[in-house]
Amino acid sequence: MNRTIFQILKKQSYLFFLICVLLSSCKRKDKIDVSGIDLSVKIERFDHDFDGFRQGNYLQKAAQLQQRYGPFYADFIERILSAGSIKDTAYFANLRRVFAAQSYIDLKHEVDSIYPNLDKQEAELTDAFKHIRYFYPQKNLPHVYAYFSGFQAQTSIGNHYFAIGLDMFLGEHSRFYPALTEEFPHYISRRFTPDNMIPRVVEGLAREEMFPEQDQDNQSLLSRMIYNGKIMYFMDQTEPDVADSTKIGYTSAQLQWCKNNEANIWGYFLEDNLIYETDYQKIQKYLTEAPFTPGLGDHNNSAPKLGVWMGWQIVKQYMDKNPKVTLQQLMAGHNAQNVLAQSHYHPK
């Protein structure tokens, strides 16, 4: 009798072990191996090279920066600094005023203390770009530059370049951000952290260059939901180790609120006939940045951008239900109704 029980337990243990091995092997199979892709990202420190103007010989330095950074140099001087045309050396006087200002010196000190190097960010971006190259082998990836945006933008994209405003990733509690609350309330500036840098690069590249929004993507709330959901799913595939809360810009509490209330959110959209609404004034609160979504949740504890989050869930379920659909096919499509129908999305 004891021997029989032992044999049963031994068999059960073996089956449990076998299941664990199978699940583990499936998980490994799902994780894309990009180690064989020959690609390495270097984030060029334009902020350091630009500071070289303080050593004098402006004409020579300008020529060097134009040669090294190409179109970005002109965009930076003319559009970001608004210092004047690079075709007229009169802008050198404006640069001298920039370097003489205490605000520039303070900002440079802060940036250099937080980012003495960008080794960690380069490793993360290399991994993300390898994943993009895996799915899009012919994609010409941009040069990446780091600069001071003057607190204007986290990222800038231009002719063969993608630029990162380091001053917009100084940390949630940076001493510079309280003075900018009118432009960047805390619910936005809390995401101005180093960990948010590379996800914003990948998102910007996806939205602005690879998959810009088309007319078919902004006709109704549903079409906007699916477009945004596809962007989030693209980030899932190219940044598999980044937390969902970081991808979408939620706090952990906001993400959990969405998960807990998924069926209620979807029911709210359906009951109010929102998913086919085309009036942007009526649907923008489900798509744009905010501290919460008015009309949902208790004590303003709801998450913002519920249309984005809901679209993300629909797209994920669509891809799970349709394993033969590739990422490329998903991103190239513009039939939001088809994605919804074939996702069989009915949260409970």
Would you call Asp244 and Lys247 a salt bridge, taking side-chain N to carboxylate O under 4.0 Å as the test?
yes
For the CG atom of Asn322 and the NE2 atom of His344, what is their distance to the nearest 0.5 Å?
7.0 Å
Hits for side-chain hydrogen bond (donor to acceptor under 3.5 Å, both in side chains) against Tyr161, two or more places apart or cross-chain, chain-then-number order -> Asp75
Check whether any side-chain heavy atom of Phe176 lies under 4.5 Å from a side-chain heavy atom of Asp167, and answer yes or no.
no
Write out all pairs satisfying salt bridge (charged side-chain N to carboxylate O under 4.0 Å, His left out) with one or both partners inside residues 37-49, taking only residues at least two apart or from two chains.
Lys42-Glu122, Glu44-Arg68, Arg45-Asp47, Arg45-Asp112, Asp49-Arg68
Partner set under ring-ring contact (aromatic ring centres under 6.0 Å, His included) for Trp257, not counting sequence neighbours:
none
Sorted by chain and residue number, the side chain to side chain contact (heavy atoms under 4.5 Å, CB included) partners of Gln60 (sequence neighbours excluded) come out as Asn57, Gln64
Counterpart residues, side chain to side chain contact (heavy atoms under 4.5 Å, CB included), relative to Pro185 (two or more places apart)
Tyr187, Ile188
Is any side-chain heavy atom of Met235 less than 4.5 Å from a side-chain heavy atom of Val242?
no
Donor-acceptor pair between Thr193 and Asp195 side chains, under 3.5 angstrom
no
Indicate every side-chain donor-acceptor pair of residues 284-292 with a distance under 3.5 Å to a residue at least two apart or in another chain.
residue	atom	partner	partner atom	Å
Gln284	NE2	Gln281	OE1	3.4
Tyr286	OH	Tyr268	OH	3.2
Thr288	OG1	Gln284	O	2.9
Glu289	OE1	Arg191	NH2	3.1
Glu289	OE2	Arg191	NH2	2.9
Glu289	OE2	Lys305	NZ	3.4

Just by distance, no angles: are the side chains of Asn196 and Arg190 close enough, under 3.5 Å, to form a donor-acceptor pair?
no
I want to check something: taking the side chain as every heavy atom from C-beta on, are Leu141 and Leu39 in contact at a cut-off of under 4.5 Å?
yes
Say you draw a straight line from OH of Tyr91 to CD1 of Ile86; how long is it, rounded to the nearest 0.5 Å?
6.0 Å
Can you check whether Arg54 reaches Lys108 side chain to side chain, under 4.5 Å on heavy atoms?
yes
Applying side-chain hydrogen bond (donor to acceptor under 3.5 Å, both in side chains) to Ser156 and not counting sequence neighbours gives Tyr147
So, taking the atom named CD1 in Ile132 and the one named NZ in Lys130, what distance separates them when rounded to the nearest 0.5 Å?
13.5 Å
Atom pair CG/CG of Leu221 and Leu274 - distance to nearest 0.5 Å:
6.5 Å
Residues passing the ring-ring contact (aromatic ring centres under 6.0 Å, His included) test with Phe211, sequence neighbours excluded, are Tyr136, Phe234
Restricting to pairs with a member in residues 43-67, which pass ring-ring contact (aromatic ring centres under 6.0 Å, His included), not counting sequence neighbours?
Phe46-Phe50, Phe46-Tyr69, Phe46-Phe72, Phe46-Phe76, Phe50-Phe53, Phe50-Phe76, Phe50-Phe99, Phe53-Tyr58, Tyr58-Phe92
Mind checking side-chain hydrogen bond (donor to acceptor under 3.5 Å, both in side chains) for Asp217 and listing every partner two or more places apart, or none if nothing turns up?
His334
Residues at least two apart in sequence or cross-chain that pass ring-ring contact (aromatic ring centres under 6.0 Å, His included) with Tyr227, listed by chain then number, are none
Apply ring-ring contact (aromatic ring centres under 6.0 Å, His included) to Phe184 and list each qualifying residue two or more places apart in sequence or on a separate chain.
Phe192
Let me confirm one number: the CG-CD distance from Leu306 to Glu262, rounded to the nearest 0.5 Å.
11.0 Å
Pair Tyr104, Asp51: side-chain N/O donor-acceptor within cut-off below 3.5 Å
yes
Gln342 (side chain) donor-acceptor with Tyr318 (main chain) under 3.5 angstrom:
no
